[in-house]
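Working notes, structure below.
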Amino acid sequence: MALNPYDLFDVRSLLSEEERAVQDTVARFTNERVLPLIGDAFDQGRFPKELVPEIAELGLLGSSLPEKYGCAGLNGVSYGLICQELERGDSGIRSFVSVQSSLCMYPIYAYGSEEQRERWLPGMARGEIIGCFGLTEPHGGSDPANMKTNARKDGGDWILNGSKMWITNGNLADIAIVWAQTDEGIQGFVVEKGMAGFAAQEIKHKMSLRASVTSALYFDNVRVPEANRLPNVKGLKGPLGCLTQARYGITWGPIGAAIACLDEALNYSKERILFDRPVAATQSAQIKMAEMARRITLAQLLVLQLGRLKDAGQMQPQQVSLAKWNNCRMAIDIARECRDLLGGAGITTEHAAIRHALNLESVITYEGTETVHQLVIGRELTGISAF
C-alpha cells in the first residue's frame, strides 16, 4: 500500500478523532476559500479580510481559550493543526489568526481581569474586534528589554509615549496590546482605536507577507485608563509568555507551507518533460524531493511531541525555540528548492513556491530570529548566555 507522500510516518494516526476533525475542517477551508484567491491577494498586496467572518465562524480565533468566552476550548495540538493548514494556504492568513489568538486574546485571558476578558474576548472570537500586538520597536526586536516606549501614571490614567514597528494587523486593529516601560517595570496596556494620540501607519513596499497588514504604531501622549492596564503581570515575562504561545503555533505553520511546495513540485515534475522523460524520473529530482519528505516527517514528529508536552503543561520555551528554528529552516529550504525544480515557472505567483519562500523570509525572522533561537539552545546546553 502506497504511503501518503506528505505523511510518510502516518502521524495522523496518532491524532485523536477531534484533532483529525479540526484538521479536516481547516484543510477544506484552505482548499475552498484561501487557495482560489491568495495568489491574487499576494500580487495586490491585499489582506483578504472578507475571510475573517468565516475564520471566526469556524472557531479559529482564540481556539484554545475557554468556551465561556465564546471560544472553542480546543487543545494545543488542534491549534497547531489549525496553523499548519492555514499556512498551507499562506503565511499571512496564519499570521492573522496567530496574532489575534496568541498575542492578543491570550494576554487578555492570562494577564487581564475578568472584566477585561468579558469585555473583549467574545467579540474577538467572533472576529468583530481585531487586535494587534505591540512589542517590537524601530531600533530592533531581538532585545525587548531595551524598550523605549513608556507609560507614566497620571491620576487614574496612564500617559503612553513611544512607537512600535512591524506590527501585524496594525491598521486593521480595533485594539492594540502594547507593552511599555513603567516605574514598576514593563506592563501591558489595551490601547483602543480612536484614542487621542494613537496612530497606525501601514508599511508598504513589502516583498514578503504581502497578503497581510504590517504597520508601525505611534503613541503621542495617549491617555489610557487604568481599566485598560493588564493587572496580572509585570516584567518581560508578560510579553515573552505571549511570544511562547505564538511561536508554538509557528512551529506547526511552516510544515503546511513546505507540504504545499512539495505537492506542487511533485505534480509539476511528473508533467514536465525534459530530454524525453519527466523531471520526476531523474535521480537528482528524486533525491531532492526525498530529502524534503524526510525533513517534513521529522518536523511533523517534532511538533506533535511538542504539542503533547504543551497539553500536559510540560512545554518549555527552549523546546519551542528548537522547534521554530528547525521547522522554519526546513520550510524555507524546501520552498527555495521547489522553486528551483519548477524552473522558470517557479518565479511567478501562479505557482506557490516563490510566494511561500518570500513569506518564510519573514516567518524565520519574526518572533525570534533563527540566530536568537540557536543561542537560546546554546545557553541551555552550556549554561552561559551569549546574548
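The analysis underlying the following values was restricted to heavy atoms, covering all of them including side chains, and did not include hydrogens, waters or symmetry mates.
Side chains of Gln286 and Glu291 form no contact here, defined as non-hydrogen atoms less than 4.5 Å apart. Trp166 is not listed as a side-chain neighbour of Thr365, based on a closest heavy-atom distance of 4.5 Å or more. Taking 4.5 Å as the limit, every side-chain heavy atom of Thr282 sits out of range of all side-chain heavy atoms of Ile287. Under the 4.5 Å side-chain criterion, counting only non-hydrogen atoms from C-beta, Ile38 is in contact with Arg355. No side-chain heavy atom of Cys328 sits less than 4.5 Å from a side-chain heavy atom of Leu360. When side chains are defined from C-beta on, Val363 counts as touching Pro254, because their heavy atoms get closer than 4.5 Å.
A distance of 6.0 Å or more separates the ring centres of Tyr218 and Phe198.
Between the side chains of Lys148 and Asn146, at least one donor N or O lies within less than 3.5 Å of an accepting N or O. In this structure, a donor-acceptor pair under 3.5 Å is present between the side chains of Gln187 and Thr182. Using a 3.5 Å distance cut-off with no hydrogens or angles, the side chains of Arg94 and Gln84 do not pair a donor with an acceptor. A side-chain donor-acceptor contact under 3.5 Å links Ser215 and Asn171. No side-chain donor from either of Asn359 and Arg210 sits under 3.5 Å from a side-chain acceptor of the other. Side-chain contact, Glu192 with Asn228: a donor N or O sits under 3.5 Å from an acceptor N or O. For the residue pair Asn221/Asn161, the side-chain donor-acceptor check at 3.5 Å is satisfied. A donor atom on one side chain and an acceptor atom on the other are found under 3.5 Å apart for Lys310 and Gln245. In summary, the side chains of Tyr366 and Thr136 do not present any donor paired with an acceptor at a separation below 3.5 Å, with no hydrogens or angles considered.
Remark: the backbone N or O of Thr149 is paired with a side-chain donor or acceptor of Glu137 at under 3.5 angstrom. Here the side chain of Arg117 pairs a donor or acceptor atom with the backbone of Gly112 at under 3.5 angstrom. Checking side-chain atoms of Ser91 against main-chain N and O of Glu87 turns up no donor-acceptor pair under 3.5 Å. Put simply, the side chain of His373 gets close to the backbone of Gly368: a donor and an acceptor are under 3.5 Å apart. Panel note: side chain Asn327, backbone Thr251; a donor-acceptor pair is recorded below 3.5 Å. Here the side chain of Asn267 pairs a donor or acceptor atom with the backbone of Asp263 at under 3.5 angstrom. Side chain of Ser63 to main chain of Gly59: no donor-acceptor pair is present (N/O by atom type, distance under 3.5 Å, no hydrogens or angles). The backbone N or O of Gly238 sits less than 3.5 Å from a side-chain atom of Tyr111, completing a donor-acceptor pair. A donor-acceptor contact shorter than 3.5 Å links the side chain of Asp7 to the backbone of Asp10. A donor-acceptor pair is defined here as one N or O able to donate and one able to accept, closer than 3.5 Å; no such pair exists between the side chain of Asp311 and the backbone of Asn75.
The cluster map of Ile, Leu, Val, Met, Phe, Trp and Tyr, joined by side-chain heavy atoms under 4.5 Å apart, puts Ile129 and Val191 in different clusters. The hydrophobic cluster containing Leu61 also contains Leu121, counting ILVMFWY residues as joined when their side-chain heavy atoms lie under 4.5 angstrom apart, directly or transitively. Criterion: ILVMFWY side-chain heavy atoms under 4.5 Å apart, direct or through other members. Under it, Val97 and Leu243 are part of a common hydrophobic cluster. Leu217 and Val190 are members of different hydrophobic clusters when ILVMFWY side chains are connected at heavy-atom separations under 4.5 Å. Under a hydrophobic clustering in which Ile, Leu, Val, Met, Phe, Trp and Tyr are joined whenever their side-chain heavy atoms come within less than 4.5 Å, directly or via other members, Leu58 and Ile93 fall into the same cluster.
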Between Phe189 and Trp158, does the ring pair (Phe, Tyr, Trp, His ring centres under 6.0 Å) criterion hold? Intermediate values first, please. CA-CA 9 Å; Phe189 300 87; Trp158 294 82; 5.3 Å; yes

Does the side-chain contact (heavy atoms from CB on, under 4.5 Å) test come out yes or no for Arg33 and Arg28, once each step is laid out? CA-CA 8 Å; Arg33 299 294 294 125; Arg28 187 163 50 250; over 6 Å; no

Test side-chain contact (heavy atoms from CB on, under 4.5 Å) on Arg294 and Thr297; report intermediate values, then the result. CA-CA 5 Å; Arg294 178 186 71 83; Thr297 299; 5.8 Å; no

Give the C-alpha distance, both sets of side-chain angles, the deciding distance and a yes or no for side chain to side chain donor-acceptor pair (under 3.5 Å) between Gln318 and Arg379. CA-CA 9 Å; Gln318 298 91 330; Arg379 181 176 61 188; over 6 Å; no

Trace of the side-chain contact (heavy atoms from CB on, under 4.5 Å) decision for Tyr106 with Ile177: CA-CA 10 Å; Tyr106 172 79; Ile177 309 299; over 6 Å; no

Could you walk me through whether Arg339 and Glu337 satisfy the salt bridge (charged side-chain N to carboxylate O under 4.0 Å, His left out) test, starting with their C-alpha distance in whole Å, then the side-chain angles of each, then the deciding distance to 0.1 Å, before giving a yes or no? CA-CA 5 Å; Arg339 204 287 315 150; Glu337 197 73 81; over 6 Å; no

When you look at Ser269 and Leu341, which way does the side-chain contact (heavy atoms from CB on, under 4.5 Å) test go after all the steps? CA-CA 7 Å; Ser269 66; Leu341 280 170; 5.7 Å; no

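Taking each heavy atom of Cys338 and Met292 in turn, the nearest pair found is SG-SD, 3.5 Å. Considering every non-hydrogen atom in both Leu135 and Lys164, the closest pair reads O-NZ, 3.3 Å. Listed here is the closest heavy atom pair of Tyr79 and Ser64: CB-OG, 3.5 Å. For the residue pair Val99 and Gly131, the shortest heavy atom distance occurs at CG1-O, 3.9 Å. Contact between Lys49 and Pro53 at its shortest, heavy atoms only, is O-CD, 3.7 Å. The heavy-atom pair separating Pro122 from Glu118 by the smallest distance is CD-O, 3.5 Å.
In summary, Arg152 and Asp183 do not engage in a salt bridge, as defined by a charged side-chain N under 4.0 Å from a carboxylate O. Using a 4.0 Å cut-off between charged side-chain N and carboxylate O, Lys324 and Glu367 make no salt bridge. Under 4.0 Å is where a charged nitrogen must lie from a carboxylate oxygen, and between Arg223 and Asp157 at least one such pair does.
Other residues, nucleotides and ligands contribute over 12 non-hydrogen atoms within 6.0 Å of the CD atom of Glu50. Around atom CD of Glu114, more than 12 heavy atoms belonging to other residues, nucleotides or ligands sit under 6.0 Å away. By the 6.0 Å contact criterion, CZ on Phe275 is open, its count of non-hydrogen atoms from other residues, nucleotides or ligands being 12 or less.
Of the residues listed (Val213, Ile130, Thr168), the one engaging Phe96 in a side-chain contact (heavy atoms from CB on, under 4.5 Å) is Ile130, and it is the only one. Of the options Glu19, Glu17, Glu18, a side-chain contact (heavy atoms from CB on, under 4.5 Å) to Leu15 is made by Glu19 and by none of the others.
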